[in-house]
Amino acid sequence: MLVNLHIVNLALIDELDVDFAEGLNILTGETGAGKSIIIGSIGIGLGGRFDATLLRNPEKDGMVELLFSVDDTLAASLAEDEIEVQDGELLISRRLAGGKSINRINDRTVTVAKLKKVAEKLISLHAQHEQRTLLKASRHLEIVDSYDTAIAGLKQAVADEYKAYRDISDKLGSLNMDETERAKRLDYIQYEINDIESARLKEGEDDELEELYRKASNAQNIAEITSRVEREMGYDNDHSGGSLVSDALSSISELTRYDENAESLISTLTDIDSLISDFNRQLADYISEMEYDEETLRTAEERLNLINTLKARYGRTITDVLATLDNLKKEEEDLASFEDTLRSLEKEQKESEKRLAEKSDKLTAARKKTAKKLCKVISDAMKELNFNDVRFDMSFDKSDNFTANGNDIAEFIISTNVGEAMRPLVNVASGGELSRVMLAIKSVVSEAADTPTLIFDEIDVGISGITAEKVGETMKRLASSRQIISITHLPQIAACADTAFVIEKEVVGEKTHTGIKRLDDEGRVMELARLLGGASVTDSVIAAAREMLTR
């Protein structure tokens, strides 16, 4: 349940703390005192709009914090969303700083989407005028779908098949060209295929050609360098490296006549002489390989130009060009065998449409079964809300077209009087009736979802008298198994509260402030008297308030 609400720098609030209790929490107050600010702040904490226009002082940060008490079952459910409950508590915090909203759950920064997903498991918030959503028939199926968790799997199956069906239909649409266009496209594709194939490309040949071209175009520089090295390291003159080392080896060999330890020197110099000899052989081979003529250079240049032209047309690399060739051949095959391809896709489409129809029918059957059960429970709940002769059901029809949500057209239908035909809810219900229908739906759906906290912002719009008492009794009953927080203007509902708060607005200096306080028994009597008598609170009104509270 929601244990504490902390608000900083929001609308008429500088800073405010509210400690909520179990059961039915009722908030009352004069019109304009700021009741909706309190509920609106909870909505912000649950991921609602939070921007600078909501700040009391735009120079300071704004903040909303919600502290929840969480049982083990809910903690396990939150763990599935990678949210860890600490000591049975969960803290949601939203701070607006520098125009940017910072969202945290137990000091862990999260996205608004993540926060909303977690919040759905904690609170069901019925905002002011939400009953108007009942006037949109498209929302009625959503209510039915939310009542049975098994429907989610059927909806996903329909959505997946619908995507497959659309993909096939899109392919068919792309093939919807006349014979002239198809022949023109086929001719152009064949030209491109020939353009690539005639080049006889090989993977990596561009790298080899670039290396060859670089060497061939620098043949003169290479020849000058290798010739100089050959003179310096060869054996053709007395001052070259090979000749000098060879002479030194002959000279040092005489040392062995005088010192046997000179063998190691001779061995090392012999190795050097061998290395120089090997080097000269390698150099000679290199020089012979570097002999390029003008024809070699021209051929390499022409081949590179061809390859680069193909890269410019068909891909960044030879690999890309060859991949383009494969795709062109596939398209050529499809176009050449267009009729076969078309028949194949049409067959696939029909099969997919059949599967989609079957899965949609299963979804429809599940929805009808769930709707029957749901409407019965809602009817029972509505009777407790002073709908004495109510009949409540759902009508189903089929759309000519499929969607990712199936092909159901469904809406709630209602009759509130004996002998009156059942008609669409959107055409029948008054404002007060819509409020009670919404309360009945919320109570039933939230009970099925086991939502720990329900919040109602003026659910009592358009009702009074006995009906108001019935609404209060229903909320009291719901509050026996979950926490309810509600704003009301009606004394019949306020009298049912387990915990009562009054929201007041006062002027301090030149600033208006909204505050909230928890009422004791006598405070509740006086607040009920205000709700009953308005500006004229007499002894008899106070006595009536005291009796109402006792009853």
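This chain uses plain numbering: 1 for the first residue, then up along the sequence. No hydrogens, no waters, no symmetry mates; every other heavy atom, side chains included, goes into these values. Note that the structure is a prediction, hence the values are computed from the model and not measured.
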Any side-chain to backbone donor/acceptor pair from [X] onto [Y]? Under 3.5 Å, distance only.
| X | Y | value |
| --- | --- | --- |
| Asn308 | Leu304 | yes |
| Ser93 | Glu65 | no |
| Asn106 | Ile92 | no |
| Ser344 | Asp340 | no |
| Arg56 | Leu12 | yes |

Locate the shortest heavy-atom distance separating [X] from [Y]; write the atom from each residue and the value.
| X | Y | result |
| --- | --- | --- |
| Gly47 | Val112 | O-CG1, 3.8 Å |
| Met394 | Ile413 | N-CG1, 4.1 Å |
| Ile441 | Ile378 | CG1-CD1, 3.6 Å |
| Gly406 | Ser360 | CA-OG, 3.8 Å |
| Asp457 | Ser36 | OD2-OG, 3.9 Å |
| Asn405 | Arg367 | OD1-NH2, 2.8 Å |

With a 4.0 Å cut-off, would you call [X] and [Y] a salt bridge?
| X | Y | answer |
| --- | --- | --- |
| Lys330 | Asp326 | no |
| Glu192 | Arg313 | no |
| Glu84 | Arg108 | no |
| Asp167 | Lys163 | yes |
| Glu332 | Lys329 | no |

[atom1]-[atom2] distance between [X] and [Y], expressed to the nearest 0.5 angstrom:
| X | Y | atom1 | atom2 | value |
| --- | --- | --- | --- | --- |
| Leu310 | Leu325 | CG | CG | 10.5 Å |
| Glu161 | Phe402 | CD | CZ | 10.0 Å |
| Glu351 | Ile168 | CD | CD1 | 8.5 Å |
| Ile485 | Ile455 | CD1 | CD1 | 4.5 Å |
| Ile487 | Ile38 | CD1 | CD1 | 8.0 Å |
| Gln156 | Ile151 | CD | CD1 | 14.0 Å |

Between [Y] and [X], is there a side-chain heavy-atom distance shorter than 4.5 Å?
| X | Y | value |
| --- | --- | --- |
| Ile484 | Thr453 | no |
| Ile123 | Leu46 | yes |
| Val118 | Val110 | no |
| Val64 | Leu5 | yes |
| Asp61 | Val8 | no |
| Cys375 | Phe412 | yes |
| Ile39 | Leu125 | yes |
| Glu411 | Leu425 | no |

Carefully, step by step, assess Asn407 and Asn401 under the rule side-chain contact (heavy atoms from CB on, under 4.5 Å). CA-CA 6 Å; Asn407 61 340; Asn401 300 310; over 6 Å; no

Any side-chain donor paired with an acceptor under 3.5 Å for [X] and [Y]?
| X | Y | result |
| --- | --- | --- |
| Gln349 | Ser169 | yes |
| Lys60 | Asn9 | no |
| Asp51 | Thr53 | yes |
| Ser124 | Lys442 | yes |
| Gln282 | Asp278 | no |
| Thr370 | Asp148 | yes |

Tell me whether the guanidinium CZ or amine NZ of Lys368 lies under 6.0 angstrom from the six-membered ring centre of Phe396 and within 45° of its axis.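 So Lys368 does make the cation-pi contact.
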
Taking [atom1] in [X] as the centre, count heavy atoms belonging to other residues, nucleotides or ligands within less than 6.0 Å. Is the count above 12?
| X | atom1 | answer |
| --- | --- | --- |
| Glu82 | CD | no |
| Lys398 | NZ | yes |
| Asp107 | CG | no |

If you apply the rule side-chain hydrogen bond (donor to acceptor under 3.5 Å, both in side chains), what do you find for Glu203 with Thr319, and how did you get there? CA-CA 7 Å; Glu203 293 276 6; Thr319 301; 2.8 Å; yes

Could you pull out all residues at least two apart from Asp81 that satisfy side chain to side chain contact (heavy atoms under 4.5 Å, CB included)?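 Per chain and number, Asp81 pairs via side chain to side chain contact (heavy atoms under 4.5 Å, CB included) with Ile83, Lys114, Lys117, Lys121.
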
Going through the distances and angles, do Gln483 and Leu454 end up as a side-chain contact (heavy atoms from CB on, under 4.5 Å)? CA-CA 6 Å; Gln483 181 190 48; Leu454 304 181; over 6 Å; no

Are Arg423 and Ile414 close enough, and set up right, to give a side-chain contact (heavy atoms from CB on, under 4.5 Å), and what steps lead you there? CA-CA 6 Å; Arg423 296 167 58 195; Ile414 188 172; over 6 Å; no

Give the C-alpha distance, both sets of side-chain angles, the deciding distance and a yes or no for salt bridge (Lys or Arg N to Asp or Glu O under 4.0 Å) between Arg343 and Glu346. CA-CA 5 Å; Arg343 283 194 293 270; Glu346 288 174 342; over 6 Å; no

Take Glu420 and Thr416 through the test side-chain contact (heavy atoms from CB on, under 4.5 Å) and record every step on the way to the result. CA-CA 7 Å; Glu420 185 178 85; Thr416 56; 3.8 Å; yes

Might you work through the salt bridge (Lys or Arg N to Asp or Glu O under 4.0 Å) test for Lys171 and Glu348, ending with a clear yes or no? CA-CA 11 Å; Lys171 287 180 182 178; Glu348 285 184 44; 5.8 Å; no

Just to verify, which of Arg94, Arg95, Arg49 counts as forming a side-chain hydrogen bond (donor to acceptor under 3.5 Å, both in side chains) with Ser101?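 When Arg94, Arg95, Arg49 are each tested with Ser101, the side-chain hydrogen bond (donor to acceptor under 3.5 Å, both in side chains) holds only for Arg94.
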
Between Asp320, Thr324, Asp195, which is the residue that forms a side-chain hydrogen bond (donor to acceptor under 3.5 Å, both in side chains) with Tyr314?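 Running side-chain hydrogen bond (donor to acceptor under 3.5 Å, both in side chains) over Asp320, Thr324, Asp195 with Tyr314 returns exactly one hit, Asp195.
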
Distance-only donor-acceptor pairs under 3.5 Å for side chains of residues 67-75, two or more places apart:
| from | atom 1 | to | atom 2 | distance (Å) |
| --- | --- | --- | --- | --- |
| Asp71 | OD1 | Thr73 | N | 3.3 |
| Asp71 | OD1 | Leu74 | N | 2.8 |

